[in-house]
Amino acid sequence: MLDLQLIRNHPERVREAIRHKGLGDGALVDDVLERDAHRRKVLTDLQDAQARSNRISKDIGALMREGKKDEAQERIAETGRLKERIKELEDEAREAEEALDRLMLDVPNVPHESVPVGQTPEHNAVVEEDGDKPDFNFEPLPHWELLERHELADFERGAKVTGAGFPFYMGRGAKLQRALVHFFLDQAADAGYHEVQAPLMVNADSARGTGQLPDKEDLMYEVPRDDLYLIPTAEVPVSNLYRDEILDPDTLPIKLCAYTPCFRREAGSYGKDVRGLNRLHQFDKVELLQFVTPESSYAALEEMRSDAERLLRLLDLPYRRLLMCTGDMGFTQAKKYDLEVWSGGQERWLEVSSISNFEAFQARRMQIRYRPDGGKTDFVHTLNGSGLALPRVVAALLENNQQADGSIRLPEVLHQYTGFDQIG
RNA sequence: GGAGGGGUGGCAGAGUGGUCGAAUGCACUGGUCUUGAAAACCAGCGUGCCCUCGCGGGCACCGGGGGUUCGAAUCCCUCCCCCUCCGCCA
């Protein structure tokens, strides 16, 4: 949610943000301003009426105490009309409030000034490329063939047991997953992130807090009987950790990391993108999160970005960093980087991390505040980033490190975690 | 799942229909005292919103929602959460 003050004071900036994100012409802003004016008018009327009512009740109390029952009765008689009026105004105020809230949920976050303006992925800026793409003197295989050859994963049985997109990882495949999770968490700890283990299901309030509800409902699996949702990312439960709280400034920045499986319905995504590990309904991810003061959030974004990039360098995976343009960055973000690894078998870039600064957009929705020393409470800024999502990292590791004889050499940093240095 | 108890300010803990946004203690902040500190004493100390250039004023909030009443922390309904005991169970 955006700051209503910002819309009031700089409506043109918000209109521009809406256009740049490709979400309309910005007429929404005028609706908001109109609704806001109306709400305030109704609120003022209501509060006037309530103040009068309170005055009368207080007088009645005083009269009762003095034993002037008759006078009290007279005053009670006066209140009938006023009570009705208050009821009407309360209804009006609630409607006005709800109408404004609904509109406010449609207002996207304003992109940071450093974000390139554009509507399509072509406008994303490739900021950096690092590492050498593998140069094979044989025909490299895509990872799904490598998985099959080495019996690292079983997609067919996964489909039987659950459905497409729910593979079993087997033997060294399973161990590799566990090793990566362990490695990522250790690295995060070294970088100062505090590990948490989060619930894998959340309630509707939490899903709303991070913006999965109301509009991205199709993303999540539901457990209707208990009114819960399976998490599409650890971002959802962990961001909500401090919902409705006022944080002590001494505790900031709060840096958290969490390993969780992620569940995504991925409704409507078909095509060859979905082969193998490229797109799954369940996958593992280590997520990094930070709660910071507003003035430090962009430094934190760069820090988090380099925390994620370090993992790719340690794994010796060639990657590139994209600065997402206004139209490709999403509704809630102010600035977002994507990290993509090169997969040598498929000869394409695979997104393995997305690192975002939400500024106060999520915090306002979740009511996460802090009290600056001696000052008024203010919303924290929130950031999160994958560090990293496993399946595509596995895909790239297998593809890039395959040898002519079909074996796969694992990067050295993983040996102590896997207990083996190659597959096959 | 069954039975009972309970949710009040940062914490502890009063308050069971009217001068209660809420006693008191602790914590915290400022001041007095002191060479300094502690102690003691004095004062301040919740959140959100609305009106106002400002001074200031108003409204709402005692787990959430609804109701009774001129008036609700207090009474009623409902939901949620916590605790104790029993059952079940990784």
Side-chain angles (χ1 to χ4, degrees), chain A residues 1-9 32-105 197 199-209 213 223-229 237 240-252 254 261 291 360 362-380:
Chain A
M1 187 142 42
L2 213 56
D3 185 2
L4 188 53
Q5 292 290 344
L6 178 69
I7 303 178
R8 274 188 212 151
N9 299 334
V32 168
L33 291 173
E34 205 172 294
R35 286 285 170 188
D36 178 44
H38 176 246
R39 177 193 64 117
R40 287 194 282 170
K41 166 83 174 75
V42 173
L43 216 48
T44 305
D45 291 349
L46 171 63
Q47 291 181 354
D48 281 351
Q50 285 172 324
R52 254 179 289 149
S53 169
N54 287 344
R55 187 69 250 154
I56 292 171
S57 289
K58 225 165 223 176
D59 291 348
I60 291 169
L63 290 169
M64 299 288 261
R65 252 172 285 111
E66 291 164 22
K68 299 177 182 168
K69 286 237 166 66
D70 293 346
E71 281 182 54
Q73 276 306 323
E74 279 174 37
R75 306 236 50 189
I76 289 173
E78 288 175 30
T79 61
R81 167 89 190 87
L82 186 56
K83 280 192 72 178
E84 270 176 49
R85 182 71 186 134
I86 287 176
K87 265 209 169 83
E88 285 169 20
L89 285 167
E90 275 174 347
D91 288 344
E92 264 186 71
R94 186 165 22 77
E95 281 166 30
E97 201 85 47
E98 284 169 3
L100 179 62
D101 284 349
R102 271 196 302 278
L103 283 179
M104 286 296 286
L105 288 176
Q197 227 178 69
L200 304 183
M201 293 189 240
V202 295
N203 58 32
D205 282 343
S206 295
R208 244 189 303 280
L213 291 181
V223 185
R225 182 168 175 179
D226 297 287
D227 224 5
L228 296 171
Y229 299 85
N240 278 280
L241 235 191
Y242 301 112
R243 174 151 53 85
D244 298 324
E245 294 188 29
I246 298 173
L247 302 171
D248 185 330
D250 296 344
T251 64
L252 301 178
I254 296 174
F291 301 83
Q362 287 185 328
R364 198 170 286 110
R365 240 191 221 208
M366 292 187 282
Q367 291 290 307
I368 304 177
R369 291 169 289 175
Y370 78 110
R371 193 187 310 282
D373 285 317
K376 231 173 99 57
T377 59
D378 193 10
F379 293 103
V380 300

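Chain naming here is simple, since letters A, B, ... match the order of the sequence lines and numbering starts at 1 in each. Values in this document were obtained by computation on a predicted structure and should not be read as measured data. All values below come from the heavy atoms of this structure, side chains included, with hydrogens, waters and symmetry mates left out.
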message = Counting only Watson-Crick pairs (N1-N3 plus N6-O4 or O6-N4) and G-U wobbles (N1-O2, O6-N3), all under 3.5 Å, who is the partner of B/C28?
response = B/G44
request  = Please state the C1' separation for the pair B/U35 and B/G30 - nearest whole angstrom.
outcome  = 22 Å
Let me check something: any side-chain donor-acceptor pairs from residues 91-105 of chain A under 3.5 Å, sequence neighbours excluded? List them with distances.
unit_1	atom_1	unit_2	atom_2	d
A/Asp91	OD1	A/Arg94	NH2	2.7
A/Glu97	OE2	A/Arg39	NH1	3.2

Sequence neighbours excluded and cut-off under 3.5 Å, please list the side-chain donor-acceptor pairs for residues 76-88 of chain A, or say none.
unit_1	atom_1	unit_2	atom_2	d
A/Glu78	OE1	A/Arg75	NH2	3.2
A/Glu78	OE2	A/Arg75	NE	3.4
A/Thr79	OG1	A/Ile76	O	2.6
A/Arg85	NH1	A/Glu88	OE1	3.0

query = Taking the P atom of each, how far is B/C79 from B/C42, in whole Å?
reply = 49 Å
task = Could you let me know what B/A14 is paired to, Watson-Crick or G-U wobble, both distances under 3.5 Å, or none if it's on its own?
result = none
ask   = For A/Ser206, does its backbone N or O pair with a side-chain atom of A/Asn203 as donor and acceptor, under 3.5 Å?
value = yes
request  = Pick the P atom in B/U68 and in B/A73, then give their distance to the nearest Å.
outcome  = 16 Å
message = Roughly how many Å apart are B/G6 and B/G54, using the C1' atom of each and rounding to a whole number?
response = 47 Å
query = Looking only at atom P, what distance separates B/U32 and B/A37, rounded to whole Å?
reply = 11 Å
inquiry  = Strictly under 4.0 angstrom, non-hydrogen atoms only: write out the protein contact profile of nucleotides 46-71 of chain B, one letter per nucleotide from the 5' end, B, S or -.
reply    = -SSSBS------BBS---------BS
inquiry  = Please give the distance between the C1' atoms of B/A43 and B/C80 as a whole number of Å.
reply    = 41 Å
remark   = Rounding to 0.5 Å, atoms CG (A/Leu43) and CG (A/Asp36) come to a distance of 10.0 Å
task = Counting Watson-Crick and G-U wobble pairs only, both distances under 3.5 Å, name the nucleotide matched with B/G1, or none.
result = B/C86
ask   = Any donor and acceptor pair, going by atom type alone, linking the side chain of A/Arg365 with main-chain N or O of A/Arg208 inside 3.5 Å?
value = yes
task = Using the C1' atom as the reference point in each nucleotide, state the distance between B/C59 and B/C28 in Å, no decimals.
result = 29 Å
ask   = Is a salt bridge present between A/Arg52 and A/Asp48, judged by a nitrogen-to-oxygen distance below 4.0 Å?
value = no
key: Main-chain N/O of A/Thr377 paired with A/Arg371 side-chain donor or acceptor, under 3.5 Å   = no
request  = Could you measure between the two C1' atoms, the one in B/U16 and the one in B/C62, and give it in whole Å?
outcome  = 13 Å
